[in-house]
There are 2 protein chains.
Amino acid sequence: MSKKEKTTIHDIAQQLGITASTVSRALNNHPRISAKTKELVLKVAKEINYKPNSIAVALRNGKSRLIGIIVPTVNRDFFSSVVRGIEETANKLGYKVIITQSHDNYEREVQTIHALLDARVDGIVVSLGKGTQKLDHFKSVIQKGIPLVFFDRVANNIPVCQVVIDDYLAAYQVTEHLIEQGYNRIAHFNSPMNINIFKERFRGYKDALESYGMSVDPALVVESNLQLEDGRQSARHLIEKGIPFDAIFSASDYSIVGALQELKKHGYNIPGDVGLAGFGNEPFTAFTDPGLTTVDQVSIAMGQAVAKLFFDLLDKEGRITETQKIVLRAKPVFRGSSQRLGINTAAISSETAN
Amino acid sequence: MSKKEKTTIHDIAQQLGITASTVSRALNNHPRISAKTKELVLKVAKEINYKPNSIAVALRNGKSRLIGIIVPTVNRDFFSSVVRGIEETANKLGYKVIITQSHDNYEREVQTIHALLDARVDGIVVSLGKGTQKLDHFKSVIQKGIPLVFFDRVANNIPVCQVVIDDYLAAYQVTEHLIEQGYNRIAHFNSPMNINIFKERFRGYKDALESYGMSVDPALVVESNLQLEDGRQSARHLIEKGIPFDAIFSASDYSIVGALQELKKHGYNIPGDVGLAGFGNEPFTAFTDPGLTTVDQVSIAMGQAVAKLFFDLLDKEGRITETQKIVLRAKPVFRGSSQRLGINTAAISSETAN
DNA sequence: CCATAAAATGCAATCGATTGCGCACAAATC
DNA sequence: GATTTGTGCGCAATCGATTGCATTTTATGG
């Protein structure tokens, strides 16, 4: 089968008895082509269903209109939502989005960068893998003058544009909210990873406490990988060690839901005995009982911001002299797990269905 | 700066005083090139950090090593998981994955198909949008001999390879499970949409009932768009109309969680008074209270199956004479919402964290 | 009616890699 | 020593579109 009915500008040219050059110019609305010819070309093009070969255009122009995205994994609500935002914007501008996953693996991240470079993408958008310390692979991207944007998990020791949320502020607000609800032994679940977002969330927690005359009790700061099971364990740890606490602010929704399960199992009343707050506004946080207070990372807006910043860079064609940093305001979402006073009622629901 | 340090085979050729043809052949391990020359070429290639320009290769060979995916939306766990599976397999084989979203919009789906065709992808993977009835846009893909694979939301009136789960069997099993738990007024939430998956799920429900000597009571079949709010409304509908029911099997997790919330609000005991089961194994179903019985759509396996099938097709180079249909076994996940007898304990937990 | 500017189009190179064909030289065969 | 077979590599076309630089055609003016 496969009727190679590839129609090219030469087909159009032949049918009109003109040259491919003229056809090309006509299609690109070149001023030096007569209106009559343009009309004819357009007409024939439509007739034979001509579609420009983007590969040929890419080769000739040195621009593929492809943009590469690297995320740790695509099947995580936050990342896929950002990807969604980027894709929608890119799509409008005639760009295609190639997605790849690093799986939080440094080697794979490096490989992927090169694979994208080989594919001649016009630019790259990245959220760093957890294991990434060295950044040489990005330096080579920058040297080549290829637009590069980091989001969420970024590195600061490299001059690159980035989009993040205000993790500090959000953490501060949530902690403050817990304090206002009368909790005063607020534990914090965090990651030992040397990643900006976790450091900022801790800082927000710390500053909020101090603003209210409290201070961080090291015994209340529990480090783990912040997965679901880690949350269970961390909660158990606090209980078993007999460390008094009446609230937990976790840097991740996964570990806070683990804690919720564990605490309920031990007969704690949420939010009566213990208030809980997570981070991320993962869809499931709306459906636990009680609903989990958390922070919405405005993922789709982030995707749009990333795309906007990215295309701004693209316009500058490598003449990048400054590195922009866009900080989006994250939205605290207060749900039942932290509200024992009945104040501050705000609701956010998540949708979409099968 | 953008130092146009594009190294090409010509650079290698020049440095060795040979031709680009020879370099090309050497790099491709052509038998007619001497071992010595190959060595030299490889050496110089490494030295000047030569990377083949995949755009040029694509133009010359007529193969882009790009594969296009169209899903309704990428930020849905099921779809992003399938994408994940596809990307991983594609990546191993040196293919890149372009993702696009139809947003369940027919026009957009058509546009996207053309956009992908314009981008010269080597093949396309699709899960149909809800609004799609006409399939002409796919026929043109098939005519061009471009590999096409449908997954999950498929159409049967077109000869195309597809990967689906056994919706019928899974629905049958879940319904049977509810019956075994002693429920005998089992409602069904479904979609009026003319989509294969919903028809199959209904059929499984119906046949299970009949196998146990019951029959479908039209009053218990509630149609809606199956979103969260629809689930609430449907539950309210049953309650307010005074239609007796003691279980609900929903074709979507979103509407069953809505029903769960509504029922709890009305004081029903789950699973004591009413048993609940959904479909999809969305991450949140593990975290509701009680956990929701549902069906795991084995999304990552589906992605891998899609990729495998896809690359099989690719090998056949358009000489596609048969259309394969791969049916994966979905996995019922029995959780608290449907287990009042304490039997049949199976657990599945979901992971990943920020 | 011719010169000349202006408008419209053609020629040919280019982007980077691949490949059929052919040429030169070496080894093998008779 | 002449012919055949083979080896190693170069030439040039090709993929499809773009573009600087002619060249042709048309319009304008004298």
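Order of the sequence lines fixes the chain letters, A, B, ..., with proteins taken first and strands second; residue numbering starts at 1 for each chain.
The aromatic rings of A:Phe151 and A:Phe79 stand perpendicular to each other, their planes meeting at an angle above 60°, with 30° marking the opposite boundary. Between B:Phe150 and B:Phe138, the ring planes lie perpendicular to each other; the angle is over 60°, past the 30° to 60° tilted range.
The phosphate of C:dA8 (OP1 or OP2) has no side-chain N or O of A:Ser34 nearer than 4.0 angstrom. Note on A:Thr19: a side-chain N or O is less than 4.0 Å away from OP1 or OP2 of C:dG10. Proximity of A:Thr22 to the phosphate of C:dG10: a side-chain N or O atom is located under 4.0 Å from OP1 or OP2.
Map A:Lys51 and B:Thr37 each onto its nearest nucleotide of DNA chain D; the residue landing nearer the 5' end is B:Thr37. Mapping B:Ala56 and A:Asn28 onto DNA chain D by nearest heavy atom places B:Ala56 closer to the 5' end of the strand.
A donor-acceptor contact under 3.5 Å is formed by the side chain of A:Arg25 with the base of C:dG10. Counting atom types as modelled, A:Ser21 pairs a side-chain N or O with a base atom of C:dA12 as donor and acceptor under 3.5 Å.
Proximity of a side-chain donor or acceptor of B:Asn53 to a complementary backbone N or O of B:Ile55 within less than 3.5 Å is detected.
The CZ atom of A:Arg32 sits 11 Å away from the P atom of C:dA6 (whole-angstrom rounding). Atoms NZ (A:Lys63) and P (C:dG16) sit 13 Å apart, rounded to a whole Å. Taking atom CD1 on A:Ile9 and atom C1' on D:dT19, their separation rounds to 11 Å, with Å as the unit.
Which of C:dT18, D:dG16, C:dA17 sits closest to the side chain of B:His10 comes down to C:dA17.
The aromatic ring centres of A:His10 and A:Tyr50 sit 6.0 Å or more apart.
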